[in-house]
Amino acid sequence: MSNNRRDFLKKGALLGLIGLGKGLIGEEKINAVEKISSSLNLSEKFTLPALPYGYGDLEPFIDKQTMEIHHTKHHQAYVNKLNETPSTNIDYLSPDEIKCTHVDKFTSAVIRNNLGGHYNHSLFWTMLRPNPEGYANLSEGNIAKAIVAEFKSFENFKKEFSDKSLKIFGSGWCWLIKTKEGKLKIVTTANQDNPLMQLDYERGTPLLALDVWEHAYYLKYQNKRVEYIENWWSLINWNKVEELYTK
Ligand SMILES: [Fe+2]
């Protein structure tokens with residue numbers, strides 16, 4: 001079934017269910033459908049999410065040009081490739097909930113790479129926040145207590161996370177995850193894989209993500225990944241991490 005046809009049926013079914021189609025004609029009906037579908041985000045297309053800050057707002061730690069290229073070129077490319085993929089290959093996915101949990105070793109490379117790329121970056125942007133003043137330590141909250149309980153101290157956690165990020169060979173991501181048992185773990189994944197996928201990684205819910213692809217830092221830091229990682233700690237949006245942990 002084509003995307004347009006499926007979209008049409010979904011919207012029609014929705015109108016029928018909630019009875020809003022009754023008594024509306026012509027443009028009123030179209031407006032009602034568009035209003036409902038947009039409020040429920042029923043678009044059949046994957047879309048690039050807007051950043052919650054400006055491209056230059058993460059200066060001096062991540063430069064404006066890197067952010068702009070990373071978002072409008074790299075992330076946009078993952079979105080475009082997903083939308084170009086024949087719908088028969090992604091019928092089991094809902095663009096509104098990026099279901100990486102469906103990805104396994106049998107999934108085609110184009111979906112695995114681009115779905116991961118879209119999900120990982122969408123999450124990564126929300127885990128950053130401007131902080132021109134510089135380094136800020138872990139804020140208070142449940143995640144702070146859980147990190148100290150698991151890693152003995154925030155400094156231990158920071159060191160282990162930084163060391164693992166530094167050691168990723170080539171392109172990949174470093175994650176803090178909450179496992180099914182509720183434990184916190186630091187894991188790394190290659191390319192655009194993530195810990196939600198049914199692959200050979202420790203699985204769990206991502207709470208914190210660091211992109212260590214060169215495209216995330218090379219313009220400013222060149223080969224000095226260690227400096228990029230150290231400065232990234234200044235930009236973590238701990239409110240978002242807390243929200244994901246307590247969800
Ligand atoms: Fe990236």
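Counting starts at 1 for both ligands and their atoms, following the listed order.
Around the Fe ion (ligand 1), protein N, O or S atoms at less than 2.8 Å number 4.
Taking both residues in full, the closest heavy atoms of P195 and V187 are given as CG-CG2, 3.9 Å, listed atom of the first, atom of the second, then distance. Across H118 and Y78, no two heavy atoms sit closer than the pair N-CB, 3.9 Å.
Between the side chain of W213 and the backbone N or O of N191, at least one donor-acceptor pair lies under 3.5 Å.
Centroid-to-centroid, the aromatic rings of H121 and H70 come within less than 6.0 Å. Aromatic ring centres of F161 and W232 lie closer together than 6.0 Å.
When side chains are defined from C-beta on, L58 counts as touching Y53, because their heavy atoms get closer than 4.5 Å.
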